[in-house]
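All remarks here apply to the structure that follows.
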Number of protein chains: 2
Amino acid sequence: MDLDLRLVRAFVAVAEEEHVGRAAERLYLSQPGLTKQIRRLEGVLGVRLVERQGRGIRLTPAGEAFVVEARSLLRRAERAVAAARRAARAHGGEVLVGFVPPIPGPVSVRLAELDVPLELRRVDWHRRGELLGGGEIDLCLLPLPIGPGPFRHIVLWREPRVAGFPTRHRLAGRSELSIDELAEEPIVDLPTHREYWCVDPRPDGRSPRYGPLVHSVEEMLEVVSQGRAMCITSASVAEFYRPPGVVFVPILDIAPAEFAVVWHPDHLTDAAAEVRRRLAPSPETS
Amino acid sequence: MDLDLRLVRAFVAVAEEEHVGRAAERLYLSQPGLTKQIRRLEGVLGVRLVERQGRGIRLTPAGEAFVVEARSLLRRAERAVAAARRAARAHGGEVLVGFVPPIPGPVSVRLAELDVPLELRRVDWHRRGELLGGGEIDLCLLPLPIGPGPFRHIVLWREPRVAGFPTRHRLAGRSELSIDELAEEPIVDLPTHREYWCVDPRPDGRSPRYGPLVHSVEEMLEVVSQGRAMCITSASVAEFYRPPGVVFVPILDIAPAEFAVVWHPDHLTDAAAEVRRRLAPSPETS
DNA sequence: CAGATCCATGCTTCCAGGCTATGGATCGGA
DNA sequence: TCCGATCCATAGCCTGGAAGCATGGATCTG
């Protein structure tokens, strides 16, 4: 009768890894502990979910059916939590503003000048969608582009994009660059929005050469400082981070970086709408 | 981070009762225990959900928002469990048939003659919808009418409806009746489908007089045996139950009782479809 | 066939959660 | 205004169960 969401989480992890040991590691749990959690869950359901399959495990048909519902259930749980927190914030007139660092200085100043009671929270780039969609944050400040979705945004700030090089790179001493000069330079690969940040295709219609795949700004700067690739990023990154062994040079002939405030139209509280208006009186863009 | 569904259940109960003591009783829990569960849930959410309001409690705005999501979350949890069990049954070729007693004898015989591996489960009348809708049972045998919903059904059996009287009632000795003879008799009230089972309106266009409201067959028979009202039910009830102090008399001039097999079109496994076909080769009715 | 890999089981420890008793706050009636 | 009734919150004690460690057993690989 009583389903424990921790067990559901455990099962989903096992189903994804198809390996109890790795899943246990991911959950910061011992392997026997995780095995027993799965057994408990099976006990509650009265159904076998996984079977030993030689080395490793395999989901039973029931497990396959359950994992689908389980994922959706966990999302709903997050949503329920977020709904309660959002209602509490809305009632207190508070606004929770997420941001994907760095925030350009001028935007930061404008934010500080509002006298609305607001809270700031750092948001990982890859979680921005679920946080906004689930209503866990009211607004989010981030660099465009954002992916598809029901979100609305207004651009708050534009600034040049810059190239990042290891210190000893042949172009590291330049004061400005054209994108055409970077045709042969390997560039760090990104999981999303490669077209924009890697400028692919280049003006001549060709694709750049890709280096290692990175999942965060920190990783990207590390890879660059090691000399394994160059990167293209916003001027604010150059200002905000001071990575040793990396120098930045403005690129003159590509579109600027754009920083926007983004929100989910269904979850816009009155206070959040007010903040949004005072940050950007201009009309919204989809 | 980790939401415990038991706490969610506890909170929903408190929200419904607006009274910790009563909710605790309903959950078979001590009052302090329940209070602590609510506090724990509030701790997890980081938000107050209830406030003391003089004698009793009141939901905060966050509580109001959460209770809506919470209910939906609990339903999803039930659905997830049901999905796993159904998949396991489907894989084993098993069929779980619910029934709202009584099952007419001939239907019971037909069911016994199938050599499919099937399991029978008694289902409370008021839970038939959620059980079928959630996929916890594959088919359900029950008396019509069923309420609105996506369900499909085939009538398996028809039989006369009968009036139930206390033994000393003036009509208790009759061998048959017309509905018109019951115009002045108080009849037990039902939460749903009153039109059909209480024959309201009567052929003359008027409504019957209503007696106590009952929620189950057992309650109904008890009320009748106490002489507080009469009832109209199916002949199978007269056969299946033998309540002391109640006698049954057929009513000739109203539509018969109909027993049907019902299913949810989205949750019909192959094996269940086979059982359905062999129970009732006739074409389905919406 | 031996070794490696990986899940299952037995045993022990420890903490979370439940209950009883009691305190504290509010409401209603005299 | 005061007293009693009602109801939620807190404190302290105790038990059940969940987690970890060590080890066994099954399967695959070279």
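Since the model is a prediction, treat every value here as computed from it, not as a measurement. A, B, ... follow the sequence lines: proteins, then strands. Residue 1 opens every chain.
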For A:Pro191 and A:Val214, work out which heavy atoms get closest and say how close. CD-O, 3.2 Å
Five-pair end axes of the helix from C:dC1-D:dG30 to C:dA30-D:dT1, angle between them (10°): 30°
Rounded off to whole Å, could you give me the CG-to-C1' distance for the B:Leu49 and D:dC8 pair? 16 Å
Gap between atoms CD and P, on B:Glu25 and D:dC8 respectively (whole Å): 12 Å
Inter- and intrachain pairs under salt bridge (charged side-chain N to carboxylate O under 4.0 Å, His left out), touching [range], at least two apart:
| range | answer |
| --- | --- |
| residues 29-44 of chain B | B:Arg39-B:Glu42, B:Glu42-B:Arg48 |
| residues 58-68 of chain A | A:Glu51-A:Arg58 |
| residues 19-29 of chain B | B:Glu16-B:Arg26, B:Glu17-B:Arg22, B:Glu17-B:Arg26 |

Across all chains, not counting sequence neighbours, the side chain to side chain donor-acceptor pair (under 3.5 Å) partners of A:Arg121 are A:Glu119
Suppose the criterion is ring pair (Phe, Tyr, Trp, His ring centres under 6.0 Å): which pairs have a residue in residues 30-49 of chain B, not counting sequence neighbours? none
Residues two or more places apart in sequence or in another chain: which of them pass side chain to side chain contact (heavy atoms under 4.5 Å, CB included) with B:Glu69? A:Arg79, A:Ala80, A:Ala83
Side chain to side chain contact (heavy atoms under 4.5 Å, CB included) against A:Pro61, all qualifying residues, sequence neighbours excluded: B:His91
Mark up nucleotides 6-19 of chain C, 5' to 3', with B wherever a protein heavy atom is under 4.0 angstrom from a base atom, S wherever such an atom reaches only the sugar-phosphate, and - elsewhere. BBBB-B-----SBB
